[in-house]
Engineer: 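Below is one structure. I have some questions about it.
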Amino acid sequence: MSARESELLASLPTGLLIGGEWVAASDGGELTVSDPATGKPLATIASATPEDGIRALDAAAEAAAGWAATPARVRGEILRTAWELLQERRADFALLMTLEMGKPLAEADGEVTYGGEFLRWFSEEAVRVTGRYGANPEGTMNVIVSHRPVGPAFLITPWNFPLAMATRKIAPALAAGCTVVVKPAELTPLTTLAFAQLLLDAGVPAGVVNVIPTAQSRAVSAPIIADPRLRKLSFTGSTEVGRTLLTQAAAGVLRTSMELGGNAPFLVFDDADLDAAVDGAMLAKFRNIGQACTAANRFLVHESVADEFARRLAARVEALRVGRGTDEGVQIGPLIDGRAVDSTTALVADAVERGATVLTGGAALDGPGTFFAPTVVTGLPTDARMVREEIFAPVVGIVPFRDEAEAVRLANSTEYGLVGYTFTRDLARAHRLIDAIETGMMGINTGIVSNAAAPFGGIKQSGLGREGGAEGIHEYLETKYTAIPLTR
Ligand code: NAD
């Protein structure tokens, strides 16, 4: 580990943030965070107990009225200051994400930009929460529609985008006037701890943001979700855990936002610009080492161009540089842990057993670290596990199709519906596909859709609600209608 890395890690808070204080866990428990590129420990931090979770909710509930009453302009300016501080601390945040999550430094820097935009966007949205006023059709009554913060919110985030998944929830919640308890993923909590300190430095009052990393996610989360003071649950993670949390949230009829798994179709038609499609595929698949909910999971390619697309893509994939994300020029870091390597190995083996061909890669790489070779598999039969399940690794699977109707049928034959990508030069076809593909988001001739100004989210079992855009703040607002009769 370099001196710069040691110095950064030594500067981090290691406690739980509860009521504006960094504190140890009530039972003294700790968890150790490791570098997936080396397997070596990076830091040991406090691991919250269920009692700590409730103390964090106590703090959020206590701070709720004061924060809701804080003028929107003040809340917005605190978020703006947070965005400015993040720009000053950009290099530290990028390095920290690379160390605990493994992504290449250039991509981590990109996440600082993307994640930071939610602070800037919602600093601007905070002052634009307006209502409606109008007469009823009978002309006998005025209708007033207004919005209020929903109240204390519990935010659970995944490990793959340690900063952006936190800012995408915390920024709209704070802009709306909600206080929060944040539970980061146990594999990557360090970025959230550093970000919580940044929020305190930006002027976020005590108790408004509380952070409870824990090695006991379920035991700590369940009592918070069951507590009647909690008014909102926002979760990003796997569909499986999302279903469990929805069941828990049902008991209290809790407002929920769910950003869950994906199985994105990436359609390439015979009229597509193949170079653009290959560029798009590199982005849609290999960004974040293939570990993104928006990652292209099924490459559906017209049979007349499938071989050529596979050949060009494999040439690009073979040239990818794999290594520790801190090293110059590295484009593919490690997978998050050994379990991810094992499940990717099993997915590729299943595809080969069913008759697919590995064009490049196909196996785990020697350690230390949990690396998997960037892979292209072609001639994938539609019953392969890789077609049905989220791969979450740098593995491309190509399925040929015959015509548009078959492409649409294949694209939609999944319980997921987060994002789709379509490469075609035919404008009418693009418009038909926007309507026909069952996803919450669509990229036309692009391999990346995420933007703070756009509503991010899925349909079907990819989730409920939207993050970002004009919609994002409404996930943290209640709607109130008031009737005022004009006659007595
Ligand atoms: P995960 O579901 O295993 O964990 C997500 C979070 O939930 C973590 O903080 C984890 O500690 C916590 N958790 C796990 N079990 C829990 C329980 N029983 N009670 C309370 N909390 C619990 O997911 P992951 O492996 O961290 O992330 C990868 C998944 O996230 C993928 O499926 C990916 O598609 C999805 N994801 C979705 C989006 C989106 O916006 N749709 C964005 C990023 C990631």
Side-chain angles (χ1 to χ4, degrees), residues 31 33 36 47-48 50 53 100-103 111 114-115 118 154-169 181-189 191-192 211-226 230 233-249 254 256-264 287-297 335-337 339-340 343-344 389-393 414-419 439-441 449-452 454-469 472 475:
L31 70 89
V33 182
S47 170
E100 66 173 344
M101 186 274 166
K103 69 184 72 193
E111 185 172 342
Y114 171 59
F118 291 98
F154 186 30
L155 315 178
I156 304 180
T157 57
W159 50 264
N160 58 346
F161 292 97
L163 179 68
M165 296 303 99
T167 57
R168 211 162 78 173
K169 296 186 189 304
V181 176
V182 187
K183 194 210 80 58
E186 54 271 45
L187 293 168
T188 59
T191 304
T192 312
V211 181
I212 49 164
T214 179
Q216 324 168 45
S217 292
R218 190 187 177 94
V220 168
S221 301
I224 298 176
I225 296 169
L230 188 75
L233 169 64
S234 177
F235 170 74
T236 297
S238 59
T239 296
E240 190 190 345
V241 173
R243 278 193 205 103
T244 307
L245 296 176
L246 279 171
T247 307
Q248 293 175 10
L254 207 54
T256 59
S257 302
M258 294 277 144
E259 296 287 350
L260 308 177
N263 182 358
R287 195 171 66 100
N288 222 39
I289 319 152
Q291 302 169 118
C293 53
T294 51
N297 208 63
L335 292 182
I336 190 68
D337 59 13
R339 276 195 325 176
S343 74
T344 309
E389 299 173 26
E390 201 175 20
I391 302 170
F392 241 57
T414 168
E415 72 269 25
Y416 293 106
L418 188 61
V419 59
T439 55
M441 300 179 287
V449 296
S450 302
N451 190 286
F456 187 104
I459 62 171
K460 294 162 84 176
Q461 293 190 31
S462 285
L464 301 167
R466 293 294 179 268
E467 291 186 326
E475 299 285 314

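Counting convention: from 1, in listed order, for ligands and their atoms alike. What you see is a predicted model; the values in this text were computed from it and never measured. Start at 1 with the first residue, then count along the sequence. Because only heavy atoms are used, hydrogens play no part in the values below, and waters and symmetry mates are left out as well, while side chains stay in.
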Engineer: List the closest protein heavy-atom neighbour of atom 44 (C) of ligand 1: residue, atom name, distance to the nearest 0.1 Å.
Structural biologist: Asn160 ND2, 3.3 Å
Engineer: Give a yes or no answer on whether the side chain of Asn297 reaches the backbone of Ile391 with a donor-acceptor pair at less than 3.5 Å.
Structural biologist: yes
Engineer: Out of all atoms in ligand 1, which are within 4.0 Å of some heavy atom of Phe456? Include the element for each.
Structural biologist: 39 (C), 40 (O)
Engineer: May I ask you to decide if Asn288's main-chain N or O and Asn160's side chain share a donor-acceptor pair within less than 3.5 Å?
Structural biologist: no
Engineer: May I ask you to check whether Ser238 has an N/O atom sitting below 3.5 Å from an N/O atom of ligand 1?
Structural biologist: yes
Engineer: Could you check which of Pro213, Gly237, Pro189 puts a non-hydrogen atom nearest to atom 35 (C) of ligand 1?
Structural biologist: Gly237
Engineer: Record the part of Glu467 in heavy-atom contact with ligand 1 below 4.0 Å; permitted values are side chain, backbone, both and neither.
Structural biologist: neither
Engineer: Does Ala166 offer a backbone N or O that forms a donor-acceptor pair with the side chain of Thr157 under 3.5 Å?
Structural biologist: no
Engineer: Where on Phe161 is there a heavy atom closer than 4.0 Å to ligand 1, on the side chain, on the backbone, on both, or on neither?
Structural biologist: neither
Engineer: Quick check: are there more than 12 heavy atoms from other residues, nucleotides or ligands sitting under 6.0 Å from CZ of Arg218?
Structural biologist: no
Engineer: Name the closest protein heavy atom to atom 40 (O) of ligand 1, giving the residue it belongs to and the distance to 0.1 Å.
Structural biologist: Arg168 NH2, 2.8 Å
Engineer: Which atom pair, heavy atoms only, marks the closest approach of Lys183 to Ser217?
Structural biologist: NZ-OG, 3.3 Å
Engineer: Could you list which atoms of ligand 1 come closer than 4.0 Å to a heavy atom of Glu186?
Structural biologist: 10 (C), 11 (O)
Engineer: Identify, by atom number and element, the atoms of ligand 1 in contact range of Trp159, meaning under 4.0 Å from any of its heavy atoms.
Structural biologist: 24 (P), 25 (O), 26 (O), 27 (O)
Engineer: When you look at Glu475 and Ser257, which way does the side chain to side chain donor-acceptor pair (under 3.5 Å) test go after all the steps?
Structural biologist: CA-CA 7 Å; Glu475 299 285 314; Ser257 302; 2.4 Å; yes
Engineer: Are any non-hydrogen side-chain atoms of Lys460 and Leu418 less than 4.5 angstrom apart?
Structural biologist: no
Engineer: What atoms of ligand 1 come closer than 4.0 angstrom to any heavy atom of Leu245?
Structural biologist: 19 (N), 20 (C)
Engineer: What do we get for Val241 next to ligand 1 when only non-hydrogen atoms under 4.0 Å count, side chain, backbone, both or neither?
Structural biologist: side chain
Engineer: Could you tell me whether some N/O pair between Ser217 and ligand 1 is separated by less than 3.5 angstrom?
Structural biologist: yes
Engineer: Any donor-acceptor pair under 3.5 Å linking the side chain of Gln216 with the backbone of Pro50?
Structural biologist: no
Engineer: Select one of side chain, backbone, both or neither to describe which atoms of Thr157 lie under 4.0 Å from any atom of ligand 1, heavy atoms only.
Structural biologist: backbone
Engineer: For ligand 1, which atoms, with element, lie under 4.0 Å from some heavy atom of Leu418?
Structural biologist: 41 (N)
Engineer: Between Glu100 and Thr191 (side chain of the first, backbone of the second, donor and acceptor by atom type, cut-off under 3.5 Å), is there such a pair?
Structural biologist: yes
Engineer: I need the minimum non-hydrogen distance between Trp159 and Ala185, along with the two atoms involved.
Structural biologist: N-CB, 3.5 Å
Engineer: Measuring from atom 41 (N) of ligand 1, which candidate in Leu260, Ile336, Val182 has the nearest non-hydrogen atom?
Structural biologist: Leu260
Engineer: Show me which atoms of ligand 1 lie under 4.0 Å from any heavy atom of Thr236.
Structural biologist: 5 (C), 36 (N), 37 (C), 38 (C), 39 (C), 40 (O), 42 (C), 43 (C), 44 (C)
Engineer: When you measure from atom 7 (O) of ligand 1 to every protein heavy atom, which one gives the shortest distance, and what is it?
Structural biologist: Phe235 CE1, 3.2 Å
Engineer: Under the 3.5 angstrom rule, does the side chain of Glu467 hit a backbone N or O of Gly472 as a donor-acceptor pair?
Structural biologist: no
Engineer: Ile156 and side-chain contact (heavy atoms from CB on, under 4.5 Å): which partner among Thr236, Ile224, Leu233?
Structural biologist: Leu233
Engineer: Report the nearest protein non-hydrogen atom to atom 42 (C) of ligand 1: residue, atom name, distance rounded to 0.1 Å.
Structural biologist: Cys293 SG, 2.9 Å
Engineer: May I ask you to check whether Lys183 has an N/O atom sitting below 3.5 Å from an N/O atom of ligand 1?
Structural biologist: yes
Engineer: For Thr344, enumerate each residue passing the side-chain contact (heavy atoms from CB on, under 4.5 Å) test, keeping only those at least two apart in sequence or located in another chain.
Structural biologist: Leu335, Phe372, Ala393, Val395
Engineer: Under a 4.0 Å heavy-atom limit, does Glu390 contact ligand 1 with its side chain, its backbone, both, or neither?
Structural biologist: side chain
Engineer: Do Arg168 side-chain atoms and Leu163 backbone N/O form a donor-acceptor pair below 3.5 Å?
Structural biologist: no
Engineer: Does atom 4 (O) of ligand 1 have any protein heavy atom closer than 4.0 Å?
Structural biologist: no
Engineer: What's the shortest distance from atom 27 (O) of ligand 1 to any protein heavy atom, and which residue and atom give it?
Structural biologist: Pro158 CB, 3.4 Å
Engineer: Considering Ser221, Gly463, Ala292, Ser257 one by one, which has a heavy atom nearer to atom 21 (N) of ligand 1 than any of the others?
Structural biologist: Ser221
